[in-house]
Amino acid sequence: MVTGAPDRAPLPDWLAAQYPFRPRRLRLGGGAAMSYVDEGPRVPRAVVLLHGNPTWSFYYRRLIAGLSPAVRCIAPDHIGMGLSDKPQDYDYSLAGRIADVGRLIDALGLEQVDLVLHDWGGAIGMGWAVQHEPQVGRIALLNTAAFPSLRVPARIAVCRWPGVGEWLVRGANGFARAAVHMAMRERPLSAEERRAYLFPYDSWASRIGIHRFVRDIPLELNHPSRPTIERIARELPRLALKPKWIGWAGRDFCFHGHFLARWRELYPHAAVQLFPRAGHYVLEDAGEAVLAPLRSFLLSA
């Protein structure tokens, strides 16, 4: 069920000043509600913007503001993240998240979808796209991956350790708190921006999605999500003819040059723009330098 108004308390004024949208809700299977932004003309073509971990749709606020006068922008918060419900018992697997995005796209009646993908949004968005190739238009990739890799930073690997990892991520909020500093290299986030990124993650229970994202990194061959990411990787060539723009931060501690090289192998005709001084939160760190060409790509005829 799609509802036109949120079934949660209004956003505090300090957050609404930075995130001036009216989040909507879609109730998915099992009763969990997904929060999403739907801005711009009500047409059956939209740009769908998918965030990663531990961000939420707040990450795309400036891009939405710049695009929505001309095109429809849909930016969901994955279940367990942002303003969406955070059930303690849910299918937080990669396959489950792909299905959630598909339910949103279907519920909104979208006939054509352009994708903007960052971090985990790459695996989720490309996972949906390879299954719905006729609906896919343009694809923008921002420091992300949609294929297996063993290259995970030690600071993230620690967060996957049994017991210790859960305490770090859910007890100390170590993953989200570290990210608001480590994901920026060219400029620091302001105090209000850091506050906004951390706003949805204020308790052990509210950090379930962050922890489950970390646990779902399919490093091991027997990991439950390994078959899903391997299937996506095999099917990525199906999207070879789609227009693509890759915006890549050069100082990302996680999605570094190895991942960009793989994208270039897969899609040699993709336009690539490097932002050598920026960190993982490239839309925040590179600012208008990345937002302007990304808008141009998404608004091109």
Side-chain angles (χ1 to χ4, degrees), residues 1-28 31-40 47-69 72-88 90 92 100 104 116 118-121 169-184 187-213 279-285 287-288 291:
M1 179 181 68
V2 179
T3 60
D7 54 8
R8 55 166 289 130
L11 298 179
D13 290 345
W14 66 266
L15 179 55
Q18 302 180 77
Y19 183 78
F21 311 119
R22 183 171 176 256
R24 301 167 185 272
R25 308 278 280 180
L26 172 66
R27 199 156 295 281
L28 302 174
M34 171 181 278
S35 178
Y36 65 97
V37 170
D38 186 351
E39 296 285 317
V47 177
V48 175
L49 309 105
L50 299 180
H51 70 84
N53 186 34
T55 54
W56 54 291
S57 56
F58 180 82
Y59 179 71
Y60 289 115
R61 66 198 181 283
R62 294 189 181 97
L63 185 57
I64 295 168
L67 289 174
S68 58
R72 189 175 184 182
C73 296
I74 310 293
D77 295 337
H78 303 299
I79 298 295
M81 308 295 288
L83 306 181
S84 290
D85 286 353
K86 300 177 176 66
Q88 302 302 292
Y90 192 77
Y92 286 113
D100 287 347
L104 176 64
V116 180
H118 178 248
D119 192 90
W120 266 97
V169 174
R170 300 187 69 181
N173 204 16
F175 198 89
R177 286 190 182 280
V180 296
H181 299 284
M182 292 168 46
M184 302 290 288
R187 74 165 183 97
L189 291 170
S190 71
E192 288 297 90
E193 288 169 332
R194 294 195 302 271
R195 187 182 181 191
Y197 274 113
L198 297 176
F199 172 76
Y201 310 122
D202 61 354
S203 68
W204 175 279
S206 68
R207 297 166 194 150
I208 177 71
I210 299 175
H211 185 233
R212 294 300 294 271
F213 256 132
H280 179 58
Y281 287 1
V282 60
L283 292 187
E284 295 282 11
D285 216 5
E288 193 60 23
L291 289 167

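What you see is a predicted model; the values in this text were computed from it and never measured.
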K.L.:
For the residue pair N53 and F213, what are the closest heavy atoms and their distance?
P.N.:
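Nearest pair, atom of N53 first, then F213: ND2-CB, 3.3 Å.
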
K.L.:
What is the distance from atom OG of S84 to atom CH2 of W56, rounded to the nearest 0.5 Å?
P.N.:
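The OG atom of S84 sits 10.0 Å away from the CH2 atom of W56.
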
K.L.:
Tell me, do V47 and R72 make a side-chain contact under 4.5 Å, heavy atoms counted?
P.N.:
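A side-chain contact is absent here, since even the closest heavy-atom pair is not under 4.5 Å.
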
K.L.:
In terms of side-chain heavy atoms, does H280 have a donor or acceptor partner in D119 at a distance below 3.5 Å?
P.N.:
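Side-chain D/A pair, H280 to D119: present.
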
K.L.:
So, the side chain of Q18 versus the backbone of E192: is there a donor-acceptor pair under 3.5 Å, distance only?
P.N.:
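Yes: the side chain of Q18 pairs with the backbone of E192.
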
K.L.:
When rounded to the nearest 0.5 angstrom, what is the spacing between CZ in R177 and CE in M182?
P.N.:
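One finds 15.0 Å between CZ of R177 and CE of M182.
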
K.L.:
Is there a donor-acceptor pair under 3.5 Å between the side chain of Q88 and the backbone N or O of A205?
P.N.:
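Checking the backbone N and O of A205 against the side chain of Q88, a donor-acceptor pair under 3.5 Å is found.
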
K.L.:
Is it true that a side-chain atom of R194 and a backbone atom of L189 form a donor plus acceptor pair closer than 3.5 Å?
P.N.:
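Yes; judged by distance alone, with no hydrogens or angles, the pair exists.
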
K.L.:
Between S35 and R25, which heavy-atom pair has the shortest distance, and what is it?
P.N.:
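It is CB-NH1, 3.8 Å.
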
K.L.:
Is any NZ, NE, NH1 or NH2 atom of the basic residue among R62 and E284 found under 4.0 Å from an Asp or Glu carboxylate oxygen of the other?
P.N.:
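Salt bridge flag = yes for E284 with R62.
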
K.L.:
Under a 3.5 Å distance rule, please check whether R170 uses its side chain to pair with a backbone N or O of W204 as donor and acceptor.
P.N.:
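It does hold such a pair.
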
K.L.:
Report the distance from atom CG of L26 to atom OH of Y36, rounding to the nearest 0.5 Å.
P.N.:
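The OH atom of Y36 is 6.0 Å from CG of L26, to the nearest 0.5 Å.
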
K.L.:
On the ring face of F58, is R61 found with NZ or CZ under 6.0 Å from the centre and within 45° of the axis?
P.N.:
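Yes, cation above the ring, under 6.0 Å and within 45°.
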
K.L.:
Which heavy atom of A176 sits nearest a heavy atom of P54, and at what distance?
P.N.:
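Looking at all heavy atoms of both residues, the closest pair is CA-CG, 3.7 Å.
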
K.L.:
Measure from the side-chain N and O atoms of S68 to the backbone N and O of C73, and report whether any donor-acceptor pair falls under 3.5 Å.
P.N.:
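No, because the side chain of S68 does not come within donor-acceptor range (under 3.5 Å) of the backbone of C73.
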
K.L.:
Would you say the ring centroid of Y281 lies under 6.0 angstrom from that of Y197?
P.N.:
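Between Y197 and Y281, which both carry aromatic rings, the centre distance is below 6.0 Å.
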
K.L.:
Looking only at non-hydrogen atoms, find the nearest pair between M34 and L104 and report the distance.
P.N.:
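Reported closest heavy-atom pair: SD-CD2, 3.9 Å.
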
K.L.:
What is the minimum heavy-atom distance between F21 and P23, and which atoms define it?
P.N.:
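Scanning both residues completely, I find the closest heavy atoms to be O-CD, 3.1 Å.
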
K.L.:
Under a 3.5 Å distance rule, please check whether R207 uses its side chain to pair with a backbone N or O of V169 as donor and acceptor.
P.N.:
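Checked: no pair found.
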
K.L.:
CG/L283 to OH/Y59 distance, rounded to the nearest 0.5 angstrom?
P.N.:
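Between L283 CG and Y59 OH, I get 3.5 Å after rounding to 0.5 Å.
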
K.L.:
Using atom types as modelled and distance alone, determine if a side-chain donor or acceptor of H78 lies under 3.5 Å from a backbone N or O of G121.
P.N.:
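Side chain of H78 to backbone of G121: no pair is present.
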
K.L.:
To the nearest 0.5 angstrom, please state how far the CD1 atom of I208 sits from the NZ atom of K86.
P.N.:
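I208 atom CD1 to K86 atom NZ measures 11.0 Å (nearest 0.5 Å).
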
K.L.:
Roughly how far apart are Y60 OH and L50 CG, rounded to 0.5 Å?
P.N.:
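Separation between the atoms: 6.5 Å.
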
K.L.:
Is it the case that the side chain of D85 and the backbone of A33 share a donor-acceptor pair, with hydrogens and angles ignored and the cut-off at 3.5 Å?
P.N.:
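Here the side-chain-to-backbone pair exists.
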
K.L.:
Shortest non-hydrogen contact from Y92 to I79?
P.N.:
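It is CE2-O, 3.3 Å.
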
